[in-house]
*Asks:* 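Submitted below is the structure of interest, expressed as structure tokens.
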Amino acid sequence: MSFDQAHKIVLLSGFILIFPHILLGQIYDSPAHQKKRIMMIEDQIKSRGVKNLDVLRAMEEVPRHLFVSEDLKHAAYTDGPLPIGHGQTISQPYIVALMTELLEPDSQHVVLEVGTGSGYQAAILSKLAKHVYTIEIIPELGQEAGKRLKQMGYDNISVKIGDGYKGWPEKAPFDRIIITAAPEQIPEKLVEQLKPGGQMILPVGPQWWGQDLIVVEKDKQGEISTKKSIPVRFVPMVHEKE
Ligand code: SAH
């Protein structure tokens, strides 16, 4: 290596060390953001009863501020949902943690998510499962999330643009299914794509109000049972336009 090349490398490394957010903006996590995440977990998540240590660790590891637009980064660790464009939202951190805990994912599971949005929930699940398949109906959101997740190095997430009501038959059956938009009824096609012994979590109810978080269980014989968790408010799960 010539002196000139070595000089350039030293200069570039120095620049990355001093201004990492400029060169690595899309994937840069900072100690200040890590601190905010630890506070988010203490004040919003543990305090409301989420206990699963693997879930808490995933919430600590995934940099939520990289899943929202530049102007909302300062609010990424606050206790609520945030807009992600196209009238959609990234869910409140507590709801993401609660749904993940109720889903009981494990490292051998293949998971289907309906409603990719920003890709945040998929990133959390990817830390806890073998593979995450996620479907988004708004092409721009799905493409952006796919690009973001790839840039950030998540290599066990597949994003597809399409109508989640149809599920992902080529990859079914799934150990776990999570829906992060609210249908008015439990989608039958998705229950069919659940493995015996599997479970699905989703908000169910009319647009914007009166929704409940529901856990659907399919036992080894294929019998279905449902359990109601807490009242929630999600964007609607829409039907594809003909
Ligand atoms: N899980 C997301 C938040 C999702 S918001 C995150 O972590 O950021 C709900 C998402 O569901 C929206 O992006 C919306 O476009 C999508 N959606 C609504 N109906 C859908 C359908 N039928 N199929 C797939 N995605 C759908």
Side-chain angles (χ1 to χ4, degrees), residues 37 40 45 55 58-59 61-69 72-73 75-78 80-103 105 111-129 132-149 152 154 157-169 171-172 174 176-191 193 200-208 211 213 232-242:
R37 279 206 294 287
M40 168 188 88
I45 297 176
V55 173
M59 297 295 293
E61 281 174 3
V62 177
R64 183 172 160 95
H65 64 283
L66 300 181
F67 291 81
V68 297
S69 58
L72 288 174
K73 280 196 172 27
Y77 298 103
T78 52
L82 290 171
I84 54 171
H86 305 271
Q88 307 304 316
T89 54
I90 176 174
S91 307
Q92 180 188 15
Y94 164 61
I95 294 294
V96 173
L98 175 68
M99 287 177 82
T100 309
E101 183 173 66
L102 290 170
L103 199 64
V111 180
L112 174 70
E113 180 195 25
V114 173
T116 315
S118 67
Y120 178 67
Q121 173 77 70
I124 296 283
L125 286 167
S126 80
K127 300 260 180 200
L128 304 163
V132 180
Y133 290 93
T134 177
I135 310 176
E136 172 56 54
I137 204 164
I138 300 179
E140 293 83 352
L141 281 179
Q143 280 149 10
E144 214 179 298
K147 207 172 115 199
R148 171 182 295 129
L149 291 165
M152 293 175 76
Y154 293 96
I157 304 178
S158 310
V159 184
K160 169 168 111 163
I161 311 293
D163 180 3
Y165 280 105
K166 296 180 183 150
W168 198 322
K171 302 293 176 191
F174 300 98
R176 296 289 186 265
I177 299 180
I178 177 169
I179 309 185
T180 61
E184 299 218 357
Q185 266 111 36
I186 299 172
E188 276 312 311
K189 273 249 163 62
L190 294 178
V191 178
Q193 291 182 19
M200 164 157 92
I201 183 153
L202 74 164
V204 181
Q207 195 165 341
W208 301 117
Q211 302 166 2
L213 212 50
V232 284
R233 191 165 153 177
F234 273 79
V235 294
M237 180 164 166
V238 297
H239 285 273
E240 203 168 34
K241 291 186 190 88
E242 291 302 319

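Numbering of ligands and ligand atoms starts at 1, following listing order.
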*Asks:* Determine, step by step, whether Ser118 and Gln88 satisfy the side chain to side chain donor-acceptor pair (under 3.5 Å) criterion, reporting the C-alpha distance in whole Å, the side-chain angles of both residues, the deciding distance to 0.1 Å, and the verdict.
*Replies:* CA-CA 9 Å; Ser118 67; Gln88 307 304 316; over 6 Å; no

*Asks:* Answer whether the closest heavy-atom distance between the side chains of Pro187 and Leu202 falls below 4.5 Å.
*Replies:*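 In short, these two side chains touch, coming nearer than 4.5 Å.
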
*Asks:* To the closest 0.5 Å, what do you measure between CE (Met99) and CD (Gln92)?
*Replies:*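 Answer for the CE-CD pair, Met99 versus Gln92, is 12.0 Å.
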
*Asks:* Can you pull every nitrogen or oxygen pair between ligand 1 and the protein closer than 3.5 angstrom?
*Replies:*
residue, atom, partner, partner atom, Å
ligand 1, 1 (N), Glu113, OE2, 3.0
ligand 1, 1 (N), Gly115, O, 2.9
ligand 1, 1 (N), Thr180, OG1, 3.0
ligand 1, 7 (O), Gln121, N, 3.0
ligand 1, 8 (O), Ser118, N, 3.0
ligand 1, 8 (O), Ser118, OG, 2.6
ligand 1, 13 (O), Glu136, OE1, 2.7
ligand 1, 13 (O), Glu136, OE2, 3.3
ligand 1, 15 (O), Glu136, OE2, 2.6
ligand 1, 19 (N), Val238, N, 3.0
ligand 1, 22 (N), Asp163, OD1, 3.1
ligand 1, 22 (N), Val238, O, 2.7
ligand 1, 23 (N), Gly164, N, 2.8
ligand 1, 25 (N), Ile137, N, 3.3

*Asks:* Could you tell me the separation between the CZ atom of Arg176 and the CG atom of Leu112, rounded to the nearest 0.5 Å?
*Replies:*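 One gets 13.0 Å once the value is rounded to the nearest 0.5 Å.
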
*Asks:* Are Arg64 and Tyr120 in a cation-pi setup, meaning NZ or CZ lies under 6.0 angstrom from the ring centre and within 45 degrees of the ring axis?
*Replies:*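 The answer is yes, since Arg64 meets both limits relative to Tyr120.
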
*Asks:* Applying salt bridge (charged side-chain N to carboxylate O under 4.0 Å, His left out), can you list everything that pairs with Glu144, at least two apart in sequence or on another chain?
*Replies:*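 Salt bridge (charged side-chain N to carboxylate O under 4.0 Å, His left out) list for Glu144, sorted by chain: Arg148.
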
